[in-house]
There are 2 protein chains.
Amino acid sequence: MNFQQRKQLILQTVDERGAVEVPELADLLQTSAMTIRRDLVQLAAAGLIYRTHGGAMRVRDIMVVPFANKSAMNVVHKEAIAQRAAQEIQDGDVLFMDCGSTVAHLCPFIRNKRITVITNSLPVISELLNSSVTLNLIGGEVDKERQAVHGTMAGEHIARYHADRAFIGIDGISLANGLSANGEQEAQLTLALARQASRVYLLCDSSKLETDKYLFFAPLSLVDVLITDAQVNVDLADAYRQAGVDLIY
Amino acid sequence: MNFQQRKQLILQTVDERGAVEVPELADLLQTSAMTIRRDLVQLAAAGLIYRTHGGAMRVRDIMVVPFANKSAMNVVHKEAIAQRAAQEIQDGDVLFMDCGSTVAHLCPFIRNKRITVITNSLPVISELLNSSVTLNLIGGEVDKERQAVHGTMAGEHIARYHADRAFIGIDGISLANGLSANGEQEAQLTLALARQASRVYLLCDSSKLETDKYLFFAPLSLVDVLITDAQVNVDLADAYRQAGVDLIY
DNA sequence: GTTGATTTGAACAAAAATAATCAAAAATAA
DNA sequence: TTATTTTTGATTATTTTTGTTCAAATCAAC
């Protein structure tokens, strides 16, 4: 039995069973585990199977895995940013929090503070429901995709409040074009929040710096403080500071 | 059984059941709790599940807020009432739903209808987030105890809308004194909803009939239809009908 | 708030799987 | 036939995964 014959049988078995183990194949093909491993390495290199510890699996079963959820990306950075942002908050503050995933990471760090949070984000409400934080929910149409509230009523709602600090996320930001968004709704809401807050904090991981989205809606000056992660390029950070943004990390 | 295979099974289980616990998975996959935890950490990092204390949940419905123990009472009656109430709803309707637990039981029966629901109840929002229902969330102060939104802004929000039907719950109702509530907030909100709806449906299990709470806030005539359970006394039902309420069950 | 029970994550040890090495066997070429 | 290359399997060292224990964190109930 040569490699070509084994290859066929291995592929066939993997396809039938979905997942196989090395000793299993060794037994089936009457050969050693070492040989099976070498075969699997080759097949995996060719992309015909997915190599696992102890065996192999069908490729298509694995393909679902990668990035199903945007909010999963850069979790570590987001947490670091959120933690830094939480340091800015003082007891008694009234905060705006928008529906960005980075902003949502603030929740664990503010659970025990005596503050008021005004938000349109359902996950934020959910996470702070059993906390010492006083909550105010912005009303309006529910965007199921973003798990957040948008629309005319939301804008009017915000206009009735004032906050000490607004924590906002953003789809894109650049020195040349300022803030940009993927949709009208997000842009409108961000503007409304910024307008009604004494101090605007933009929470934004460094990968988003100097990226533009399709809708430019505000100049850099809308932002008072830009909180990002330590991966930020030093020269770039200086450039933002020159532009009048208080960049910290 | 390697990580990849466990991963598949975990995702499948979480998706089927909505929520799982660590020991449950450990038993199911014949492995230790520690291994399950490590798996869950990875899956959560990839954003495929939401990690909770003791287990994991589907990412979509992290909003799930277990209703207080109150909702456990008379579940059977409440479901029967809700099912009867759902029959009144037609495609295209715009509904108000208040934050009562009986009203919340409507959700399973309206998931697939093409209607718009305006509500101040967080559990209702949560249950309908993945449904064909268009949602409008009433904004204002969040009452953590009742998992609902109240206050001035809520009242103003409601005043801006009009619904075909309002489904409301109540703390007390009697022929002699009409509707009564345990707090100003509930009373105010109920009134606001009733005012803006063409038809007011009161969902109320029979045990609440002829009970008075401390705040009387509206006459019986506020209610167009009273939906209750089959346990209701026949003579009492007739008395309500005499008083002009369309009582059904 | 404080207590008490559970859950968690880190550290370590054991087990399993892998890759590297090397010698023997098989296939190929000279 | 003999020399050379390739493949294979055994041995060993390394890596990966897993399970246990325990202190710290978290939750829930009071």
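Keep in mind the model is a prediction, meaning the values are calculated, not measured. Below, all heavy atoms of this structure are taken into account, side chains as well, without hydrogens, waters or symmetry copies. Chain naming here is simple, since letters A, B, ... match the order of the sequence lines and numbering starts at 1 in each.
- Summarising the geometry, atom CD1 belonging to Ile89(A) is positioned 6.0 Å from atom NZ belonging to Lys113(A); distances are rounded to the nearest 0.5 Å.
- Side chain of Val41(B), nearest nucleotide from dG9(C), dG19(D), dT8(D): dG9(C).
- Among dT21(C), dT8(C), dT18(C), the nucleotide with an atom closest to any side-chain atom of Arg38(A) is dT21(C).
- Between Pro23(B) and Met34(B), the residue whose closest nucleotide on DNA chain C is further toward the 5' end is Pro23(B).
- Of all heavy-atom pairs spanning Asn112(A) and Ser132(A), the tightest one is C-OG, 3.1 Å.
- Contact check, Arg51(A) against dT18(C): a side-chain N or O comes under 4.0 Å of OP1 or OP2.
- A straight line from CG of Asp39(A) to C1' of dT6(D) spans 14 Å, rounded to a whole angstrom.
- Asn2(B) has its CG atom 16 Å from the C1' atom of dT15(D), to the nearest Å.
- For Arg6(A), whose side chain is taken as the heavy atoms from C-beta onward, the closest listed nucleotide among dT7(C), dT8(D), dT20(D) is dT8(D).
- The separation between His53(A) atom NE2 and dT14(D) atom P is 16 Å, rounded to whole Å.
- Nearest nucleotide to the side chain of Thr35(B), out of dA19(C), dT18(D), dT17(D): dT18(D).
- Regarding Met1(B), its CE atom lies at a distance of 14 Å from the P atom of dA17(C), rounded to whole Å.
- Arg37(B) has its CZ atom 19 Å from the P atom of dT17(D), to the nearest Å.
- Here dT7(D) presents its P atom at 15 Å from CD1 of Ile36(A), a figure rounded to the nearest Å.
- No donor-acceptor pair under 3.5 Å is formed between the side chain of Lys78(B) and the backbone N or O of Ala104(B).
- With both pairing distances under 3.5 Å, dC22(D) is matched to dG9(C) as a Watson-Crick or G-U wobble pair.
- Between the P atom of dT8(D) and the CD atom of Gln30(A) lies a distance of 15 Å, rounded to the nearest Å.
- Rounding to the nearest 0.5 Å places CD1 of Ile125(A) at 6.0 Å from OG1 of Thr119(A).
- For Asp246(A) (side chain) and Asp224(A) (main-chain N/O), no donor-acceptor pair under 3.5 Å exists by modelled atom type.
- With the nearest nucleotide of DNA chain D identified for both Ala33(B) and Arg111(A), Ala33(B) has the one nearer the 5' end.
- Atom pair Gln4(A):CD and dT7(D):C1' shows a separation of 13 Å (rounding to whole Å applied).
- Across dG19(D), dG9(D), dA19(C), the shortest atom-to-atom separation from the side chain of Thr31(A) is found for dG9(D).
- Across all strands shown, Ser132(A) has no heavy atoms under 4.0 Å from either base or sugar-phosphate atoms.
- Base pairing of dA30(C): its partner is dT1(D), meeting the Watson-Crick or G-U wobble criterion (both donor-acceptor distances under 3.5 Å).
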